[in-house]
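Counting begins at 1 with the first residue of the sequence. All of these numbers come straight from a predicted model, not from anything done at the bench. When a ligand or atom number is given, it counts from 1 through the structure's own listing order.
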Amino acid sequence: MVLLPLLFYAQVALALVNWPQLSPRLTTVTRSQRDIAEEIPIDQLSTFGLSLNTLVFDKKGYTTDALDELPAMLAVGVQTFMLDLYWNEVTSKWQLCPAPFPGNATMDIAPKDLFWNGHNYTCGVLLTLGLINAWINTYIAGTNSNMDANYLQLLLNLKSIKFPQNSSQIYVPRSAEFASLGNSTLSDSVASLGSYIFTPRDLASFRNSAVPRTGSGAYYNRSDTRMPPLSIFLLNDFRRVLINVVSSDLDESSSSSYNISTQDRDTLFFDSTLPTVIDTADDNLYSSCLDMINGSDLTSSYSNVSLNTHFRFLMDGDDDLFTNETYMNYIRCGHSVILNSSEYVFEKQDYNSSQNHSVGAIWDYLLPSSYWSWAIGQPISGVNNTVLTNFTDDQPDTSDRELRAHCVALNPEGFVLSNCYDPFHYACQNESDPTDWNIPRDLKRRYFDAYKPGNCPDGYRFTLPRLSIELLALKARVVDDELPFPVWIDLNDITVSNCFVSGGPYAQCPYQQTVTRSQLVLMIAPSFVVAVVIIILIFMEKILRVTPIHTNRRRHWKHIINEYNEKHEYEGVPS
Ligand SMILES: *[C@@H]1O[C@H](CO)[C@@H](O)[C@H](O)[C@H]1NC(C)=O
Ligand SMILES: *[C@@H]1O[C@H](CO)[C@@H](O)[C@H](O)[C@H]1NC(C)=O
Ligand SMILES: *[C@@H]1O[C@H](CO)[C@@H](O)[C@H](O)[C@H]1NC(C)=O
Ligand SMILES: *[C@@H]1O[C@H](CO)[C@@H](O)[C@H](O)[C@H]1NC(C)=O
Ligand SMILES: *[C@@H]1O[C@H](CO)[C@@H](O)[C@H](O)[C@H]1NC(C)=O
Ligand SMILES: *[C@@H]1O[C@H](CO)[C@@H](O)[C@H](O)[C@H]1NC(C)=O
Ligand SMILES: *[C@@H]1O[C@H](CO)[C@@H](O)[C@H](O)[C@H]1NC(C)=O
Ligand SMILES: *[C@@H]1O[C@H](CO)[C@@H](O)[C@H](O)[C@H]1NC(C)=O
Ligand SMILES: *[C@@H]1O[C@H](CO)[C@@H](O)[C@H](O)[C@H]1NC(C)=O
Ligand SMILES: *[C@@H]1O[C@H](CO)[C@@H](O)[C@H](O)[C@H]1NC(C)=O
Ligand SMILES: *[C@@H]1O[C@H](CO)[C@@H](O)[C@H](O)[C@H]1NC(C)=O
Ligand SMILES: *[C@@H]1O[C@H](CO)[C@@H](O)[C@H](O)[C@H]1NC(C)=O
């Protein structure tokens, strides 16, 4: 009973060798960035991801082993996965391997070397989309709480494996077992994700629902494409995955080709139903991104971007690969970046060349640059402890107001934790256009005061940017008005440390009732230690008992166990 969790822990630890784990700080960043964006439609959010084909299967083979790293990727927050799906025109099944298996292939995990269309592929018979879905289901089950839920995007490229007329015979499966592998329709292939899939029907019913008259909902209703906000997607509809077919090489006129059915169209999105941009990184795109970041191009209104473009995916490739710098800037410009280069060479000394090839090493390097909101390295709590000035008027009753920084301000690099009592300019947002900001020119206020009513012009209120584009627009406003950074935004962790909320100094943390994971680990860990110690002691006692021992030996061990538990304040010693 005790050993089972131990084994589980050992397995997790093994699987994560070479993998970054989200530090408590990045966990806070991920969660706070998700929380502030809850009103934002999902097509506007910046995510990061990779092409499984280029970065995983082409390197490690199309085998079940190649998926070992998938759980770790999900755990660090990779949200977007691009995947090529192949329609085998002989077996009439969807498969992940780009080459057909010979009909007499053995049904085992041994990787098979296949030569097809001028390429060598290493493929395992058992690797199916169902297996990827199983990992995704495991991840979703493990994060199925308001605190941890996040949404994933599966981008599919559909391709066909065509056969010359006279050569297809050897690819006909010889055994029923072999023939039963894989699924023969797209909707069956993803069926195991069940109700986690956000389907075109869900979208239709969202679009038929009432439109909010105020706030972000009303603003984004001006868009030609109304998508659900993150909170509706995750917490109302309990959806987790959006599957989007972004390209198709299927030739539907051919008799052996796959025909997309109405059931498929009810389950997956095809490019015609969901306006999706997939750009490739290039110099022009990057320079217009820098313009948006520098705020030098205020006229090309930011609202044009957030209302007229959707799912702004951006891929790199062998010719134009991301550096940590371009990667970060593209995310801050509102793109969802997808890694698609076969090699990344980051100048980091302690990586030897073999580690440079591992996906874990790549994310380890890029993760700090993967967020649009916080500046790199933030939030660092309690570091910049500007000594408090002697404000005395109506200070809120916060127990530790002495030294720690608990309020968030905007710097050119992003959000930074600052001392709530420092007087800064503060950001007022137009209530009907989140890309329109006003910063009262001659007023500097402490965070607590900025929040008070009447500090913003009519039609504006003190709040925060909830989307990368809104942040860029705010920065551009500060630069254009020639005002100094930092500028207060409405975000703080006054009530519960590391739980960032907006709504003023008294806003409550929504997770207050929830035990945080690190607390949970703290709660579990000591009892684990005790359990292990007890097992060892019992074990030793057994050995000692078969050997002739002094009778008070036994008392001796019992005494040690008791002493250990007294020292660690545990009760209920098994005796
Ligand atoms: C499968 O059949 C091919 C000939 O069609 C033969 O060369 C190959 O050895 C066979 N493989 C197995 C595993 O039986
Ligand atoms: C494929 O593999 C075979 C045998 O290992 C080798 O002779 C051939 O050159 C390879 N072809 C390509 C395109 O890599
Ligand atoms: C298939 O037909 C082509 C020409 O149509 C021929 O060149 C080729 O050798 C044939 N292959 C087999 C396996 O019969
Ligand atoms: C899809 O194929 C797998 C076998 O690979 C099978 O177990 C599963 O039931 C199929 N799903 C559907 C919906 O047919
Ligand atoms: C906004 O919502 C209303 C009410 O559902 C709808 O009639 C209108 O077409 C929407 N506007 C846009 C631009 O989609
Ligand atoms: C797809 O449709 C075409 C024409 O409607 C038909 O000839 C073909 O057999 C269909 N393919 C499959 C796999 O059902
Ligand atoms: C934008 O700022 C970056 C550095 O912050 C600078 O390298 C770049 O030249 C600037 N671009 C423009 C168009 O001003
Ligand atoms: C608005 O966005 C569209 C689509 O990206 C673009 O073609 C157009 O030039 C933009 N207009 C302005 C004024 O920036
Ligand atoms: C990119 O990596 C280099 C070298 O490790 C580092 O000096 C630089 O600060 C990084 N830039 C960003 C934006 O993370
Ligand atoms: C991703 O990279 C692969 C390998 O370099 C390339 O064949 C493919 O076209 C790329 N995909 C996109 C969408 O650029
Ligand atoms: C501390 O905050 C002040 C403004 O309140 C800022 O000027 C300074 O750079 C910050 N120091 C550090 C180490 O972040
Ligand atoms: C308190 O504030 C006043 C006026 O702002 C200033 O003159 C005084 O030096 C401050 N006292 C301390 C201890 O900082």
Student: Which ligand 4 atoms, with their elements, are less than 4.0 angstrom from a heavy-atom of Asn183?
Tutor: 1 (C), 2 (O), 3 (C), 8 (C), 10 (C), 11 (N), 12 (C), 14 (O)
Student: Can you pull out the closest protein heavy atom to atom 13 (C) of ligand 2? Residue, atom name and distance to 0.1 Å, please.
Tutor: Gly118 O, 3.4 Å
Student: Does the protein put a heavy atom under 4.0 Å from atom 11 (N) of ligand 2?
Tutor: yes
Student: Check Asp318 against Leu321 and note the closest heavy-atom contact, atom names and distance.
Tutor: O-CD2, 4.2 Å
Student: If we only count heavy atoms from C-beta on, is the Thr47 to Tyr151 side-chain gap below 4.5 Å?
Tutor: yes
Student: Would you please determine whether Gly182 falls within less than 4.0 Å of ligand 4 on a heavy-atom basis?
Tutor: yes
Student: Establish whether atom 4 (C) of ligand 2 and some protein heavy atom are separated by less than 4.0 angstrom.
Tutor: no
Student: Going by distance only, is there an N or O of Asn340 that falls short of 3.5 Å from an N or O of ligand 10?
Tutor: yes
Student: For atom 7 (O) of ligand 2, state whether the nearest protein heavy atom is under 4.0 Å away.
Tutor: no
Student: Parallel under 30°, tilted from 30 to 60°, perpendicular over 60°: which one fits the rings of Phe198 and Phe233?
Tutor: tilted
Student: Quick test: of every protein heavy atom, which one is nearest to atom 1 (C) of ligand 2, and how far off is it to 0.1 Å?
Tutor: Asn120 ND2, 1.6 Å
Student: Looking at Arg226 and Arg207, would you say the former's side chain and the latter's main chain have a donor-acceptor pair under 3.5 Å?
Tutor: yes
Student: Is it true that Phe163 and Trp116 have ring centroids separated by less than 6.0 Å?
Tutor: yes
Student: Answer yes or no: does atom CG of Leu126 have more than 12 heavy-atom neighbours from other residues, nucleotides or ligands under 6.0 Å?
Tutor: yes
Student: Which atoms of ligand 10 sit under 4.0 Å from any heavy atom of Thr54?
Tutor: 1 (C), 2 (O), 3 (C)
Student: Is there side-chain contact between Glu69 and Val56, with at least one heavy-atom pair below 4.5 Å?
Tutor: no
